[in-house]
Amino acid sequence: MNNRVYNFSAGPGVIFEDVLKKAADEMMNQNGSGMSVMEMSHRSKWFEDIINGAEALLREVMAIPDNYKVLFLQGGASSQFAMIPMNLKKNGKADYIQTGVWAKKSYQEAKKFIDCRVVASSEDKTYTYIPETKPEDFNKDADYVHFCYNNTIYGTKFNGEPDVGGIDLVCDMSSCILSEPVDVSKYALIYAGAQKNMGPAGLTVVIIREDLIREDVEPYVPVMFRYKTHADNGSMYNTPPTYAIYICKLVLEKVKELGGLEAMKKINEQKAAMLYDFLDSSKLFRPTVSAPYRSLMNIPFVTGDKELDAKFIKEATEAGFVNLKGHRSVGGMRASLYNAMPVEGVAALVGFMKDFERKNA
Ligand SMILES: *Cc1c(COP(=O)(O)O)cnc(C)c1O
């Protein structure tokens, strides 16, 4: 009935069709208001229901403890790279684990505000693995340890939180939030740009332990860059990204309907296994990440021949499997299997790849 493609984009990524349909249905008249969400005041009763509903659903789905605040911000995950050191600085030191370009950028930005250190890095092998760390590696006086759970560009992920010996943990979960359960109580702060797994671009979600929302940040910190500003005003100090928050709420409703994060994890493991199993047995394609570090969300692979990679991407696109080109910094292919990618999409992609292999091996 429709002419939609299978969209393997790393971000902005695929959104559940049910969400898009509901948003389309409600476009002209949101909940009896006679207008769309984009046109209504963020102070209206209708929008209050939306933002409160989104927060309640996120708290429920992620089992966020009561001593954490949920903030709906703007500026992307990239603004958090600065906002985190500006707000969490106390002793003036921070430790970073560097597992990719995003993790590196977060470190480079933080250096402007706090004395930071790279404790471990996988840059030596173009970030194709997760470096080992021990609690003793970290500075006991560090205000926090920052890491990136899922490395979108390279397709690696941590298997559980690194043991940092009780120092506050800060995590970029942009490309894996809502993909599996997390024990929020192990973190001081979790942040994510919404455009991978939570909805459209323009919304950044921050989950922060209340004691870290401080008044006594340095005077230079702009009002908009203080967590306290947003926490004190229910994320409505200024106009929040209203439409993105609305779509995020619909995404959370869908995730809940599917059975929550335990169920998402099962489906995501199933989808990823379909592609990894094929890649591991293929004579033409090979995965670029070894088993212990493999992401469920972003799966890079290559043929080993640049021209063949280009041919594959071209033919896949023509067949309706789009955005399979790897990040410009690594080349090859990358299939992002976010929550909203249906199992049938992965099955169809594997079928297409088998076909391509037969014709080109
Ligand atoms: C996409 C991404 C970012 C950048 O997000 P913006 O919202 O564009 O700033 C940061 N970290 C990770 C892990 C990402 O996947």
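Both ligands and their constituent atoms are indexed starting at 1 by order of listing.
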Check whether the side chains of Ser185 and Asp183 place a donor and an acceptor atom closer than 3.5 Å, and report yes or no. yes
Side-chain donor-acceptor pair present, Ser122, Gln98, cut-off under 3.5 Å: no
Check: every ligand 1 N/O to protein N/O pair under 3.5 Å:
| from | atom 1 | to | atom 2 | distance (Å) |
| --- | --- | --- | --- | --- |
| ligand 1 | 7 (O) | Ala77 | N | 3.0 |
| ligand 1 | 7 (O) | Gln195 | NE2 | 2.9 |
| ligand 1 | 8 (O) | Gln195 | NE2 | 3.4 |
| ligand 1 | 9 (O) | Ala77 | N | 3.2 |
| ligand 1 | 9 (O) | Ser78 | N | 2.9 |
| ligand 1 | 9 (O) | Ser78 | OG | 2.6 |
| ligand 1 | 11 (N) | Asp172 | OD2 | 2.6 |
| ligand 1 | 15 (O) | Thr152 | OG1 | 2.4 |
| ligand 1 | 15 (O) | Lys196 | NZ | 2.7 |

Sidechain N-carboxylate O distance under 4.0 Å for Glu253, Lys256:
no
| query | Can Lys125 be said to sit on top of Tyr129's aromatic six-ring, NZ or CZ under 6.0 Å from centre and within 45° of the ring axis? | reply | yes
| query | Would you say Val289 and Ser295 make side-chain contact, with heavy atoms under 4.5 Å? | reply | no
Gln195 side chain vs Ser174 backbone, donor-acceptor pair below 3.5 Å: no
